[in-house]
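Throughout, a chain's letter reflects where its sequence line sits, starting with A, and its residues are numbered from 1.
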Amino acid sequence: MQHSSNADVQDQPLLAIEDLHLSTRSAVLVEGISLTVNRGEMVGLLGESGCGKTITALSVLGLLPKHAVKVSRGRILFEQTNMADLDETELNRIRGNRMAMIFQEPMTSLNPIMTIGAQIGEALEIHRKMAGRERKAEVKRLLGLVGLPSEDAQLQRYPFQLSGGQRQRVMIAIALACEPALLIADEPTTALDVTIQAQILDLIAEMRKRFGMACVMVTHDLGVIAETCDRAVVMYAGRIAEEGPVDDLFGNPIHRYTEALIGTIPAANPPGSRLPAIPGAVPPPGERPKGCAFAGRCNFAIDVCATETPPEVRRGAHAGYCWNPAS
Amino acid sequence: APLQVAVEQSPSGLDPHIVTAFSSFQIIDGTIYEGLTALDNDLNIVPGLASEWQISDDKTTYTFTLREGVTFHGGDAMTSADVVASLNRVLAENTGSPLASRLAAVDSIETPDDSTVVLNLSAPSAPLLSSLTSIAIVPAKYEDDTDSLQRAPDGTGPFKFVSWQPDVAITLEANADYWDEERPALEGVVFNIVPEAATRQVGLNSGQYQMLPNIDGVMAQQFQGAGGVQLEETLELAYSLIGINVSRPPFDNAKVREAINYAINRDDIVAAALFGAGVPGGPLSPALTNYALPLEEFGCFTPSADKARALLEEAGIETPIEATLLVLPRDSTKGIAQVVQQQLAAIGIDLELDIPEIGQFVQNWRNSEFDMFVSLNSGTIEPDDYFYRTFRTGGSTNVFKYSNETLDALLDAGREETDTAKRQEIYADAQRELACQGPAAFLTYGQLYTAMRDNVDGYSISPTRSMRSLGGTSVTE
Amino acid sequence: MSPLLSVRDLVKHYPTGSGGRVLALDGISFDLDAGEILGIVGESGCGKSTLGRTIMRLDDPTSGEIIYGGRDIATIGKRDLKQARRDIQMVFQDPFGSLNPRHTVGTIVGEPLIVHGIANRRERIAELLDLVGLPKSAMERLPHQFSGGQRQRIAIARALAISPKIIVADEAVSALDVSIQSQIINLLAKLRAELGLSIIFISHDLSVVRHVSDRIGVMYFGKLVEYGPSQSIFEAPRHPYTRALLSAVPRIPGRELAQSAVPERIVLTGDVPNIAHRPEGCLFHPRCYWKQPDCDRTSPELRVLEGDDFPARTCACHFADDPAVTTPN
Amino acid sequence: MSGGTIERPAEQPVPTHPARRFTLPEPSLYNLSLGMIILITIVAVAAPWIAPYDPLEQDIIQRLKGPSAAHWLGTDQLGRDLLSRIMHGLRASLAISAGAVGVALVFGSILGLLAAYYRGWTERIIMRLMDVLFAFPVMLLAIGVIALLGPGSFPTAAAIAIVYTPIFARLLRAPALVVASSDYVLSARSIGASDLRIIVFHILPNLASVILVQVSLLLSSAILVEASLSFLGLGTQPPVPSLGMMLSEGRNFLFLAPWAAIFSGLAILIVAFALNLFGDALRDNLDPRLRQS
Amino acid sequence: MLKRLRDRLIDLAIVIFGVSILVFGFIRMIPGDAVAIMLGANAEVTPERIAAIRTRLGLDLPIHEQYFVWVSNVLRGDFGVSIWTGRPVIEEIGHHVWPTLQLTLLALLTAIVLAIPLGILMANIRGRRGEAFVQAGSVIGLTVPPFWLGIIMILVLSTVAPSLQMLGYVPFTTDPIGNIQRLILPAFALSLPIMANLARLLRSTLLEAMQQDYIRTARAKGVPARRILYRHALRNAIIPFVTSVGIMAGYLLSGAIVIEQVFAIPGLGRLILGAIAERNYPLLQAAILLVTCSFVLINFLVDIVYTLIDPRITE
Ligand SMILES: Nc1ncnc2c1ncn2[C@@H]1O[C@H](COP(=O)(O)OP(=O)(O)OP(=O)(O)O)[C@@H](O)[C@H]1O
Ligand SMILES: Nc1ncnc2c1ncn2[C@@H]1O[C@H](COP(=O)(O)OP(=O)(O)OP(=O)(O)O)[C@@H](O)[C@H]1O
Ligand SMILES: [Mg+2]
Ligand SMILES: [Mg+2]
C-alpha cells in the first residue's frame, strides 16, 4: 500500500471504525462501534471486563480468533484501506509495521523459548528486511529506547528472566520496532504494580511524542484514561455509551453509566464513607436487553430505557447515548 | 548353498549327554553325533559307530567292534578310549545326565584294543542296544567338561558344527571326512529359529526356508495343496496321556480310572486337538509294531458314557467329582484338555483346568501335585525304558504313585528277558494291566510331518524326530 | 485495652529450588484492635499474601508470635488451631478459584458449620446469604453460575459462617470490576459496623485501602516500611516508597476530594528487588529518589518520627524526619 | 433514589462464562464412541443370554468352518461358535481390564493424592517407589508378575493393576498439586477441615475428569496388554475365552481358518478403539484449568 | 542447573537400587526351581544331584546373601554365566541387544519422522471437514495390536510378494540390505502406535501452543502463518514431544517383546521370555536389569535434553 504525504490524506483519520459488529455463532459481542483516530492522537477505550474492548482492538488488526468471532457488519478503514479487503499477506504487511499492538498479559505474551533479541528482531527482519549486525544494532537501540539495558548479553535473555515491567517494555520495543502509525495498547498495565504502571504509561506517552504515532489505549481504569488520553470512548455491554474529550467526559458525563462509574471510585469519596455502588452485573453477550443495556442497573432508568435504543445526546465533541442523561 | 531349515525353539544347549528337549535332540542326533548303534527309520537297530557286536551266551557281555577310520570333527581319530570316556561321562554324577539310567545295567567296561569295547553287565539287559543308540560318542577329552559341548558340539556325524547365533540360527556344514563312503550331498544345514508358526509357514511358502521338520498336523494341513511344498509323514513315538494321581481319592479306585477311560472319546480328541493328524493309542505307540497291542484288546477304548457311569456307581462314588487337571502349556495339550474336560463332564467329573507356566508344570508334575495331568511325552522304542521308570513301584518318573505287584513282576522279567517272543508276551500283559485300570488314560499318538520344498530329495522322517537322514538329503536346483 | 491480635516480629522463609530461601516476611509486627480495619498495601510479591496465610497458620511461620486471645497461634497444636480458626477467617483474591467448582453454594457456605459441628445448618446458611445480599435460591446453584461479585459474596458468607472475630481479606476486591468492587467494599464496611468484625484488608490499590482502613501498613519486600493511622499516611506520607505509591495512583481531574499529598508524579526507576539480588542496607535504596550515601549500608528500623503530627505512626527510613524527602529532586 | 444498594438482593445469577463445562466440540466422534462403548458393554454383560451358543460347547464335526448362517463368524478348532466366544471373550477381557484398572485407580490415586497433598518426604518416598515400578516396561513387569502368580485371568489382572498403579499415581499427582494449592483448598483448610475431608471432599471430585479420561485410555490399553499377554500364552487360559487368547489360538491355523484370528483381532481393535476415542473426546473437554498443568 | 542435575542423579541411583532389589526379589519369588526345570521332565533325579547343582549355582545361600553376592559381582562388571549354556551372561545379552536396539531405533525413527508432519497436518485440519476421519485414523493407529498387525502383514505380504525375504534376522554387518529388508515390517508394526501417539501429542501441544498469547503477539508483529507455525508454535510444542519420546522407549520395549516373537527376531524380548521359562536366573536378572536401567537412563537423558532445549528450566 502506498503511503503519501499528501495534505488531503493527512487530514483523513488514520483509523476509522464504522458501525462495527462482531459476533460469534450464537451471540453478538460488539454492536455498532464507530470510532475515529486521527494521526498522533491518543484515544482511550474504556469499559468493564467483558464489554468487548479486546475483541474490538483485535478486529482492527485482523486478529480475531479464527472460526470463533467474525465481523458481521461495518468496516474498519486504516489509512483509507478497508481491512476486510486485504488478504492475510497484505494484512501481515500492515501488522507490526504500520500498526502495532501491546497486550494485557506481559507474562504470557512473549514466546517463552525465544530470546528477547530474536523476538524484537523478528519484526525488523520481516518488515525492514534487516539482518545480521544491522538488525542487532537496531534491536539494541530499541532496548535502550524502552529503558532496558542494551548490552549484547541482554539480547540473549529469555522472557522468564525478566520481571513483568521489563517484559512489557520488551513488548513495547517489539511494537515500536517499525515505528508504526498506530499503536493499540490493550490494558498494557493492568497486570503490573502501580509504580511500574506509572513507568510504562510514561514510556508510552514519551514514545508517542517522539514518533508522533496515534495510540488507542484500551483499559478499564478511569485514572489511566484521564491521565493519558485526549479523547475517550466508554463502552458498555458491547456498545458505545459515551465518547468525547476526556475533560468533558469526566467533568460532565452524559451517560448515567459513566456517571455512576466515576462516582464509585474510592478516591472520589470521603474515606470511610459508603461508596456509591452500581448494583448487579454487566449482562453477558447474548443476554443483553433490548433498549439500553444499562437500564437494569441504572438508578435513573425510565420506562423507555428498557425498550428503545437510547438516542444520541451531543454536546459539541462530546456525545452520549442515554434516555435520561445526566445534566 | 546350505539347506535352510526353520525350527520353532532355540535349543537350550547342545551337549548330547545333558540335553533332553526335542529342540536340541533334533539338531544334533544323527547329524553331529552318533552312537555305537543306530536306528533306521523303521526303528530297527542297525550298526552305528560299532560296525558289529557279539553277545555272550549268558547275555551279560557285549563286545563291540568299532568302525575303522572314524574321526571326530575336531580331527582326532575315534578310539575305544573315547567310547569308554563317553559312557563314563554319562554315568558320572557330576554330568547329571538323564541318560544315566539307560546304562544302569553296565557293570564294567573293558578296552582290549583301540577298536574294541567290551561291556560287562550285572544282569542281562534287553534294552541295552537300543539305549546305546541315544548315547553319543564324544572325544575323551570332554569326560570331565560339562560346559564346552553345550556350546560347541564335537561328534563324528555327517555334519560339523559351525556356529550358533542364539535365537537366530545354528549352522552346520558337511563333514568332508565322514567315515561313510556316501558323503552328505548338502553343503550344510542352517537351523533357523523361528518361534511364530505363521512366520515359519510363510517362510516355507516363500522359499526362504526349505524345510520345516517335525511339525504337527495343524501346520501340515495348511500346506496341503500349497504349491511347491511336499509333506513327509510318520506316526510318532511321542504320546499324549492323562495321568492320574492314584494317591488321591477317588482316583485310588481302579473303577474310577476305568470309568475315565470309558468316558474318553479318543477319536474326537484326534479330530479336534490334533486336527485329525494322529491315531488313538494304548500304552505303547502303534509305531512299535513288535509290541503294541491292537486297540480292540482294550475294552475301555470303545467310548461309552453308560459304562462309565455304571462303573462309578459300582465303585460307590458320588458324582459330581471335582478335580483339577494340570495341563502342559502347549497348544495341543490345551486342546486335549478342553476336549477331555467336556467328555468327563458328561459322566459327572468336573475338571478345572490348571494351565501353569512350563516351569511350574514341571515342578507340580515332579512332586505329584495334581489330581490329573495331561501332557505330551517323548516315547522310546524300547518298552522297558519307558514302562520301568514310569509305572514300576518307586520308579523315578512314577509321579502317579502307582504300585501294582503284578505289573512290577512283569517289568522285572521284561528287563532281563532277551528272547523277543517272550518279551512280546510279557509286554502284552503289561499293556493289558495298564490300559484301562492303570494310572493313566492313554490317549493318542500324533502324526508327525516334515514339510519341504519340492526340490528337497532324499529326506525321510523318523518317528523319533531324529533328522539323521539329512546325511542323505540333497537339493536339486 | 489490649489489642485483639498482636503480631510480633513475624518471619517467614520459603526454601527455593536452588537451596536458597525467600524471605517472604522479614520481621513484621502490628496490632489489630477489635472492630478495626487494618489495610496492608504493597507491590506484588512483597509478602502480603504470605502475611495473611501465616496469620491463619495456613503456613507455619519461621519465627515470631501471633498472639490471639492470650495464646500464640504460631505454636499451638492442631486441636487448638481448629478452635482458633473459628475466630479468624479468610477471603481470597480470586473469586473464581476460591470456590470449589463442584460444590453448590449451600455446601460451600455450610462446610464450616459441618466441620465445626454446628446445627441448624439450613437456617444459618439462608441467614448468611441474606446477610451478604444473595437470594436463598442461590443455595442450590453452582459457583460458575454467578458473577465475580456474587462469588465474592459467597466467599464472604462462608467466612462469616462460624461467626469469626477477624477476617483476613486478601485482595478480596482486586479481581473485580470497578463497579462491583464498591459493592464488596460496602459489604465489608457494613459487616464491620454491624458485627463488630476486625478486618485485615490486603490490597495493592492504595485508594481502596485508604477508603476502608483505620490503620495502614505499607509493605516493601517483606518488611513494613510505614505503619500508622490511615489519615497520617495519606495526608503526610513520609517514607519515599509510600510517597511514590501515592503519587502513582492515576487521578481523575476534578474528581479528587482533596489536594493530594504528593502532587507531582514520582516515577521510580529500577526494578522491584527479587530474591536473586536482595540489596544491602535499606531494601528500597536501589529505587529511591532520595538515596543517601548511607542507605546501602545500614538498614533503617521502623521508628516513631520526631515531631510528627501523627505520633501513632512509625516509618522505616533514615531520613523520614528530613523535610527534604518530601521534595524529590 | 440514591446510589445503588447492596442490600437489594442481586438479580438472577448470571453465567459469567458461556457454558464451557462439558460442551463437546466434536459430537460425532464422541457420540460414536459412547454408542460403541454402550453397545460393547451390553454385549459383554448380556453375553450369557444373547450369545447364540454356549461358548464352550464343542461340536467336533463343525470345526474350523467359515462364516455361515448358523455360525456368523465361523467356528474354531473345537467347533465352538466364534461369535459366542467373542462375546464371552469380550466379557472376560473387559472384566480383566476393568478390574485391573479399578484396582490400579484406587491404589494409584491414593498414592498420588497423598504425595500431592503432603509433599515433602511422603511425596519423595511415594514417587521414588512409583519410579521404580515405572522403570519396568509394561510387558516386562506384567510378565514378571505372571511368572510369579502363574498364567491366568486373575494374575493377568493383577499384573496390569500393578503396572498401572504408578501411571495413575504419577498422572494424578500433577493436577492434584494444582488443586491442592488452589484457593478453595486453602479456604477449606482455613475453616479447619481435616486432611481427609479435604482430600476426599475437595481434591478428589475435581480430579474426576482427569480420572475419567485416564480410566478410559488405560482401559483401552489394558485390553491390548491383556491381548499381548494372552498372545504370548501367559494371559487367560482355556477354556474360558478372552479376546487375546482367541487370537493367540487362532493364529495357529491362520492359513486354515483365518477368520478366527482376524475376527478376534478386530474385536480387540474395536474395543480399544472405542475406549480410546471416548477418552480422547473427554479429554478435549477437560476442565480447562486442569489442562494447563 | 547443577543442583537439578545432582538431584536427578541421586534419584536415579535410588531408583536403580530399587530396581535391582525388585528384579532380584521378583525373579527369586517365581515358583519353579531352575534345577528341576534344567533336569527336565524325563530325567532321573535324585535329591543329592539336585542339591549338588544348587550348590554349584549358589542357590543354597539365604536370599539376601545371594543378592549381595550378585550385586557385588555386578558392580565389578561380572554378571555371571548362563545356567544352561555356561556362556557369560554378558555375551548372551550382547548377541541379543543389537537386533532389539536396531528394531526399536528404527521404529522410533520411523515414528518420529512420520509423526511430525502428521501431527502438523492433524493440527491444521482442526475444525475442518475430515478432522473426524483423521482423528479416528489416529486412534486406530494407536489401538491396533502390533502383533496382530504383524501377522496380518505377513499374511498379506506372503500372498502379494511371496518371494520377499523378510523373515528372521541377519546382522547388519553381514548383509546390510537383508538386514534392513527384514526389519522394515516389524519396525513399522512396532512404530505405528508410537507414531499415532506422538502425532496426536504433537497435534494437541501444537493446538495448545497456537492458542497461547505469544502467538497472538507474533501475528500482531505481522509474522506470516508458516513462520508462526514453525518458528513459534512448533518449537514450543516440540518440548513435551521430546519428553514423551523417553516414555515411548518403554512402549517400544514392551512392543518389541511381542513383535520379536512374531517376526523371529533374536532380540532381548525373546531372550527374556526364554530365560523365564528356563529359570535362567543370572541371565534373566542381567537382562531385566539392563532393560530397566537403560529405560531409566533414557528418561534421565531425555530430562537433560529437556533442560537443554527449554531455557526456562536452566535457572
Ligand atoms: N473467542 C471467543 N469466542 C467467543 N466469545 C468470545 C471470544 N473471545 C471473547 N469473547 C467474548 O466476547 C466478550 C468481549 O470480550 P473481550 O475480551 O473483548 O472483553 P474485554 O472488554 O477486553 O474484557 P477484559 O477487560 O476482561 O479484558 C466477552 O463476553 C467474551 O466472553
Ligand atoms: N509456597 C511458596 N514457596 C516459595 N516461595 C513462595 C511461596 N509463596 C510465596 N513465595 C514467595 O514469597 C514472596 C511473597 O509472596 P506473596 O504471595 O506473599 O506476595 P504478595 O505480596 O501476596 O504478592 P501478590 O500481590 O502478587 O499476590 C514472593 O517472592 C513469592 O515468590
Ligand atoms: Mg481485554
Ligand atoms: Mg498475593
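Residue Glu196(B) touches chain D through its side chain alone, counting heavy-atom pairs closer than 4.5 Å. Looking at Gln221(B), the atoms closer than 4.5 Å to chain D (heavy atoms on both sides) sit in the backbone and in the side chain alike.
Between chain D and the residues Pro356(B), Pro195(B), Ala197(B), the most heavy-atom pairs under 4.5 angstrom are made by Pro356(B).
By a heavy-atom distance cut of under 4.5 Å, Asp331(B), Lys334(B), Gly335(B), Gln338(B), Val339(B), Gln341(B), Gln342(B) are the residues of residues 330-343 of chain B near chain D, going up by number.
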